[in-house]
Amino acid sequence: MQQQRLLKVLVIGDLGVGKTSIIKRYVHQIFSQHYRATIGVDFALKILNWDHKTVVRLQLWDIAGQERYGNMTRVYYREAVGALVVFDMTRASTFQAVLKWKRDLDSKAVLKWKGDLDSKVALGNGRPIPAVLLGNKCDQLSTGLCSKLPKLENFTRDHGFVGWYETSAKDNTNIDAAIMCLVESIMAVE
Ligand code: GDP
Ligand code: MG
C-alpha cells in the first residue's frame, strides 16, 4: 500500500536573496524579475513519487516581511522537518547573515525525538533539523569571483549543514539537486 509523507520545509534567508524565486522555479518552472515581496507566510506544494511505496508531499514555506528582523515566529517553525538557508552570492552581507538564520533555526526547530521519555530527557532539546545551504544567483558570478568564495565545504561542515550548492533560480541551476539533497536527509532521519 502507498504511504504519504507530508514534509514541511522552510525557506529562509535575507530579503532579496531569491527565496520566492527558488520556490517558483522548483514548483512552477518559472522565473520572473518582478516578484512582489511576499506578504506574510505562503507555501507551495510539490508532489514527489519518492519510491514505489512512498509519495512525498513537499511543502515549501516562504516568508516575507519578517526577514528584516532576522528571525521568525515559532508558528512558522512548528512541525518543520528541514530547511533551505539561502544567501545571495553577489552580496556578502547575506552570507554573513546565514549563521544568524542557522542559529535561529536550531533554537526553534528541533526534531521530535521518537524514543521513550528517558532518552528524550537525555537528548535535551532533540536534534536540529537537516538544513542545506544555497548560494543563489550564481549566474551573476564571473568565473574569477568563484575562487574568492569562502571555503564553503568547511563552513558547511562546521555549522552543521547537510550540504551546500551554488544555485540559480534564473538559469535553473542546482535547484532540484539542492532540494533532493535535503529531502534525502529528511527521509534518512526516520
Ligand atoms: P526573496 O526576497 O528572497 O524572496 O527574493 P526574490 O525571489 O523576490 O528575488 C529577489 C530578486 O532577485 C528578484 O528581482 C529576482 O528576480 C532576483 N533573483 C532571484 N533569484 C535569482 C537568480 O538565481 N539569478 C538572478 N540573476 N536573479 C535572481
Ligand atoms: Mg520573497
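Whatever order the structure lists ligands and atoms in, that order sets their numbers, starting from 1.
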> Among W101, F87, W164, which one satisfies ring-ring contact (aromatic ring centres under 6.0 Å, His included) with F95?
Replying inline: F87
>> Measuring from atom 19 (C) of ligand 1, which candidate in G16, S21, S168, C138 has the nearest non-hydrogen atom?
In response: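 Closest candidate by heavy-atom distance is S21.
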> Who's closest to atom 24 (N) of ligand 1 heavy-atom-wise, of D139, V11, D62?
Replying inline: D139
> Can you list the other members of the hydrophobic cluster that holds I47, where links are side-chain heavy atoms under 4.5 angstrom apart?
Replying inline: L45, V55
> Are any N, O or S atoms from S21 nearer to the Mg ion (ligand 2) than 2.8 Å?
Replying inline: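 No, S21 does not qualify, because none of its backbone or side-chain N, O or S atoms lies under 2.8 Å.
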> Should K170 be counted as touching ligand 1, given the test is an N or O pair under 3.5 Å?
Replying inline: yes
> Going by distance only, is there an N or O of A169 that falls short of 3.5 Å from an N or O of ligand 1?
Replying inline: yes
> Backbone, side chain, both or neither: what part of Q140 comes under 4.0 angstrom of ligand 1, heavy atoms only?
Replying inline: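 Under 4.0 Å from ligand 1, Q140 contributes side-chain atoms alone.
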> Is the shortest side-chain N to carboxylate O distance from K100 to D104 below 4.0 Å?
Replying inline: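 A salt bridge is absent here (no side-chain N lies under 4.0 Å from a carboxylate O).
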> Residues two or more places apart in sequence or in another chain: which of them pass side chain to side chain donor-acceptor pair (under 3.5 Å) with S168?
Replying inline: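 For S168, the residues satisfying side chain to side chain donor-acceptor pair (under 3.5 Å) (neighbours in sequence not counted) are D139.
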> What's the shortest heavy-atom distance between K137 and D88, and which atoms?
Replying inline: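 Shortest heavy-atom separation between K137 and D88 comes out as NZ-OD2, 3.2 Å.
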